[in-house]
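See structure below.
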Amino acid sequence: MLTNRSAPPATVTPVLVYPDVRAAVAWLATAFGFEERVRIGEAHRAQLRVGEDGALVIADVHGQQVPPSAGSVTHVIKIRVPDADAAFARAREAGARVIEEPTSHEYGERSCMLEDLAGHRWELTQTVRDVAPEAWGGITVAPW
């Protein structure tokens, strides 16, 4: 497969709109451990990486691109972490608003939900055990 050093290598790359690109990059690095990889202008866009294969593009406000408005949830970004409780504490310390405290679920994940400085929702999830989807009411359509 052809690679391009000017684009994130992830198959899926969310693009999130923030009113201040530089503030968002700094906050995401502090709260979730993202690392900036490519900067496009000082305030236009930034490409970030997290973990081995996670990518995110931060975009500025222009035209129809606006961050979420109060009271609306347009999306949730899920990040797999090695320790949900530690990641939760780090994000909360950085000023994330707590939506849901870390909770262990019947499907084998421990997760929490936070909101960032622009209102984007982030779910931090940790696998704590392997569970077949059928054990909690899911259906395996095609195994991962």
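Quick note: numbers below take in every heavy atom, side chains included, and nothing from hydrogens, waters or symmetry partners.
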Shared hydrophobic cluster, Phe34 / Val21 (ILVMFWY, side-chain heavy atoms < 4.5 Å): yes
Residues, nucleotides or ligands: over 12 heavy atoms within 6.0 Å of Arg129 CZ: yes
Note, Phe32 side chain near Val81 side chain (heavy atom, < 4.5 Å): no
Residue Asn4 excluded, over 12 heavy atoms near CG under 6.0 Å: yes
Gln126-Ser111 side chain donor-acceptor pair, cut-off 3.5 Å: no
Full working for salt bridge (Lys or Arg N to Asp or Glu O under 4.0 Å) between Asp116 and Arg121: CA-CA 7 Å; Asp116 72 17; Arg121 296 269 174 114; over 6 Å; no
Ring geometry between Tyr107 and His105 (parallel below 30°, tilted from 30 to 60°, perpendicular above 60°): parallel
Lys/Arg N to Asp/Glu carboxylate O, Lys78 vs Glu109, below 4.0 Å: no
Minimum heavy-atom distance Ser69-Ser72, with the two atoms named: O-OG, 2.8 Å
Distance, nearest 0.5 Å, that separates CG of Asp60 from CD of Glu42: 12.0 Å
Rounded distance (nearest 0.5 Å) linking atom CG of Leu16 with atom CG of Leu56: 5.0 Å
Close side-chain approach of Thr125 and Ile79, heavy atoms under 4.5 Å: no
Trace of the side chain to side chain contact (heavy atoms under 4.5 Å, CB included) decision for Phe88 with Val98: CA-CA 9 Å; Phe88 172 81; Val98 175; 3.7 Å; yes
Validation row: Thr140, Glu134 side chains within 4.5 angstrom (heavy atoms): yes
Side-chain H-bond candidate by donor/acceptor type, Thr127 with Arg80, under 3.5 Å: yes
Stepwise side chain to side chain contact (heavy atoms under 4.5 Å, CB included) check, Arg39 with Arg22: CA-CA 10 Å; Arg39 186 177 298 171; Arg22 300 310 319 148; 2.7 Å; yes
Mutual orientation of the aromatic rings belonging to His120 and His75 [parallel < 30°, tilted 30-60°, perpendicular > 60°]: tilted
Close side-chain approach of Gln47 and Pro8, heavy atoms under 4.5 Å: yes
Ring centers of Tyr18, Trp27 separated by less than 6.0 Å: no
Common cluster, Met113/Val50, ILVMFWY with side-chain heavy-atom separation under 4.5 Å: no
Worked check of side chain to side chain contact (heavy atoms under 4.5 Å, CB included) between His44 and His62: CA-CA 9 Å; His44 176 56; His62 73 272; 4.2 Å; yes
Glu35 and Arg49 ion-paired at < 4.0 Å: no
Nearest heavy-atom neighbours spanning Pro133 and Ile139: CB-N, 4.1 Å
Point-to-point distance, once rounded to the nearest 0.5 Å, from CD1 of Ile77 to CH2 of Trp122: 5.5 Å
Close side-chain approach of Pro68 to Val73, heavy-atom, < 4.5 Å: no
Reported CG-to-CD1 distance for the pair Leu48 and Ile58, which is rounded to 0.5 angstrom: 5.5 Å
Minimal non-hydrogen separation, Leu114 against Cys112, with atom names: CD1-SG, 4.1 Å
Partner residues of Gln65 under the side chain to side chain donor-acceptor pair (under 3.5 Å) criterion, sequence neighbours left out: none
Nonpolar side-chain network containing Val57, other nodes, edges under 4.5 Å: Val15
